[in-house]
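Working notes, beginning with the structure itself.
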There are 2 protein chains.
Amino acid sequence: MTSQGAGREETPARERGLHARLLASLGPSITAGEYPPGTVLRTEELASRYEVSRTVAREAVRVLESMHLVESRRRVGVTVLPPEEWDVYDPQVITWRLAGTDRGRQLRSLTVLRSAVEPVAARLAAELATPEECAGLTEHALGMVATSRGQQLENYLVHDVAFHRTVLRASRNEMFARLGDVVAAVLAGRTHHDVMFTDPRPEAVTLHVNVAEAVRERDGARAEAAMRTITEDAMAELDVLAP
Amino acid sequence: MTSQGAGREETPARERGLHARLLASLGPSITAGEYPPGTVLRTEELASRYEVSRTVAREAVRVLESMHLVESRRRVGVTVLPPEEWDVYDPQVITWRLAGTDRGRQLRSLTVLRSAVEPVAARLAAELATPEECAGLTEHALGMVATSRGQQLENYLVHDVAFHRTVLRASRNEMFARLGDVVAAVLAGRTHHDVMFTDPRPEAVTLHVNVAEAVRERDGARAEAAMRTITEDAMAELDVLAP
DNA sequence: CGGACACGAATTAGTCATACTTAATTGGGG
DNA sequence: CCCCAATTAAGTATGACTAATTCGTGTCCG
C-alpha cells in the first residue's frame with residue numbers, strides 16, 4: 001500500500017489491524033442506523049467494498065454478531081438486527097452510539113443508569129472504601145473546588161471523572177466499577193460537546209465535597225443522598241440541553 | 001468426519017458452528033479461572049487441540065478479544081486478561097460465569113445491580129407504563145399469588161420473571177430493558193439451584209402486588225419503595241444462602 | 001573489561017486466495 | 001399440494017506469505 005489515496009473513505013483508521021478498521025467503520029454505521037434493521041450484507045460484498053479478504057470481513061462480522069448487532073445465516077447473509085437486540089452495555093457499542101446520530105438517546109439512557117447506580121455505589125463506598133480511597137475522594141473533590149472557576153474545565157473534568165471512578169471502584173462491586181469508563185464518557189461528552197464555556201455550578205461542587213465527607217465518616221445514607229442529588233442534577237441538565 | 005467418537009471432549013456441543021462450539025468451551029474455561037490471567041494461548045495450538053482450522057480458532061479468539069477476555073499480540077500469542085478487564089455486562093460472559101465456579105460472585109454482583117436499577121425502573125414504570133403493561137403487571141402479580149403455594153415453583157418463576165421484565169421494559173429505558181435477561185437468569189438460578197423446595201415468602205408476593213398497584217395508580221414513590229424492599233430481600237436471601 | 005546499543009534471527013499473529021462443504025431457500029415438476 | 005433438486009451464501013480448511021515484536025548476539029565505545 002503506497003498510500004496513494006485509495007481507502008481513505010470514512011474511517012479514521014487509527015485502529016491497527018484490518019479487521020479492527022473494518023469494525024470501526026461498520027459498527028458506527030450500523031448503530032447510527034445507516035443500515036436499517038433487516039438490511040442484509042454479504043461478507044463477500046463487504047470484503048470487496050472495503051478491499052479486504054473474506055477472512056477479515058468474516059472476523060469483523062463475528063464480532064458484530066457477538067454484540068448482537070447482526071445475525072449471520074446461511075443462504076441469507078448478514079442481517080442487521082433491530083436496536084432492541086443490541087448489547088447496549090458493550091463499551092464499544094456505547095462509544096459508537098455516543099459518536100453518532102444516536103448520541104442523544106444514548107446519553108439519556110446512560111444518565112438514567114447513572115441515577116440508579118451511582119447513589120447505591122456511594123452508599124456502598126461509605127461502607128467499604130479503603131482509607132486510600134477516602135483520601136482520593138477528598139483530594140479530587142478539593143480539586144474540583146480549586147478548578148471550578150475561571151475556565152479550567154479540562155482540569156475540572158479530570159477531577160470529576162476521577163471522583164466518580166473512585167466511588168464506583170470503592171463500592172467493591174465489579175459491575176459498578178466497570179461503569180467508570182461509561183461515566184467518564186458521559187462527563188467528557190458534556191464538557192466537550194454541550195456546555196464548554198460555562199463554569200460548573202457551585203452547588204454541584206459542594207455536593208461532591210459532601211459525598212467525600214460522608215464516605216469518610218461512613219455515613220452511607222448521606223453519601224447516597226448527596227450522590228442522588230448529583231445525578232438528578234445531571235438529568236435536569238440533560239432535559240435543559242436536549243428537551 | 002465419520003463421527004467415530006473423536007471430539008467428545010468437554011463441550012456440550014449444543015451450539016452450531018465450529019467457532020461457536022470452540023467459544024462455548026474456551027469462554028467458560030477462562031471465566032472459571034481455568035486459564036489464569038497471563039496465560040498465553042497460541043491460535044495454532046488451540047486449532048490443533050480442538051481439531052479445527054486456524055480460521056475457526058482465530059474467529060473464536062476475535063470474539064473473546066472483543067469481550068476483553070483475552071488480548072492478542074504478535075510474536076506473543078493470545079494472553080488471558082485479568083477479570084477486571086472483562087466485559088462483565090456481556091450476556092455471554094454473565095451466562096458463563098453463572099454456570100461456572102465464579103457463580104457466587106457473579107450472583108452477588110448482579111443482585112446488587114438489581115437493587116440499584118429495579119427500584120428506579122419501577123418509579124419510571126409508574127410514570128411511563130402503557131395500559132397494556134399495567135395490565136400485564138397485575139396479571140403476573142396475581143399469577144404469582146396463585147402459584148405461591150403448593151410446589152408450583154416453576155410456574156411461579158414464569159410469572160416472577162415476566163413481572164420483572166415488564167417493569168424493566170415499561171421504564172422506557174433501553175439499558176434497563178436489557179437487564180431483563182439478566183434478572184431472568186438470576187431468578188432462574190435461585191429457583192433451580194438454591195431453594196428448590198420452599199414456597200416463596202408471602203411478603204414477597206404481596207410486595208409484587210403492591211408494585212403493580214402503585215404503577216397502575218401512577219404512584220412512583222410507592223412503586224419504588226416496594227421494589228426496593230423486594231431487591232433488599234433478594235440481597236438478604238443471598239447473604240443467608242452464601243455467607 | 002563491562003555495558004549499551006544495534007542488528008538480525010526466530011516466532012507468532014495477521015492477511016490473502018482458493019477450493020470445497022453445508023445448510024437453507026426457492027422454484028419447478030410430479 | 002408436497003417433495004426434490006438447483007442455487008446461493010455462509011462455514012470450513014489449507015497453504016503461502018507478510019509483518020510486527022521479542023530476544024539473543026555481537027560489536028563498538030567508554
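Lettering of chains follows the sequences in order, A, B, ..., and the numbering in each one begins at 1. FYI, side chains are in, hydrogens and waters are out, and symmetry mates aren't considered; it's all heavy atoms of this structure.
- Not counting sequence neighbours, B/Arg73 has no partner by the salt bridge (Lys or Arg N to Asp or Glu O under 4.0 Å) test.
- DNA chain D is contacted by B/Ser53, B/Arg54, B/Thr55, B/Val56 of residues 53-62 of chain B, taking any non-hydrogen atom closer than 4.0 Å.
- Atom NE2 of B/His19 and atom P of D/dA10 are 13 Å apart (whole Å).
- For B/Leu18 and C/dT21, the CG to P distance is 15 Å, given to the nearest whole Å.
- Considering only heavy atoms from C-beta on, A/Thr95 stays 4.5 Å or farther from A/Pro28 through its side chain.
- Put simply, CG on B/Leu22 is 15 Å from C1' on D/dA13, counting in whole angstrom units.
- If you take CZ of A/Arg16 and C1' of C/dT15, they are 16 Å apart, rounded to a whole angstrom.
- Residues passing the ring-ring contact (aromatic ring centres under 6.0 Å, His included) test with B/His208, sequence neighbours excluded: B/Phe163, B/His164.
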Polar pairs (N or O, both sides) under 3.5 Å between protein and nucleotides 3-9 of chain D?
from	atom 1	to	atom 2	distance (Å)
D/dT7	O2	A/Arg75	NH1	3.0

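- Among residues two or more places apart in sequence or in another chain, the salt bridge (Lys or Arg N to Asp or Glu O under 4.0 Å) test is passed with B/Arg105 by B/Asp102.
- Residues meeting the salt bridge (Lys or Arg N to Asp or Glu O under 4.0 Å) test with B/Glu59, sequence neighbours left out: A/Arg58, A/Arg62.
- The list of salt bridge (Lys or Arg N to Asp or Glu O under 4.0 Å) pairs with a residue in residues 77-91 of chain A, not counting sequence neighbours, is empty.
- Rounded to whole Å, the distance from CD on B/Glu71 to P on C/dA13 is 13 Å.
- If you take CD of B/Glu45 and C1' of C/dT11, they are 14 Å apart, rounded to a whole angstrom.
- When the ring-ring contact (aromatic ring centres under 6.0 Å, His included) test is applied to A/Tyr89, the partners found at least two apart in sequence or on another chain are B/Tyr89.
- Qualifying salt bridge (Lys or Arg N to Asp or Glu O under 4.0 Å) partners for A/Arg169, counting only residues two or more places apart in sequence or in other chains: none.
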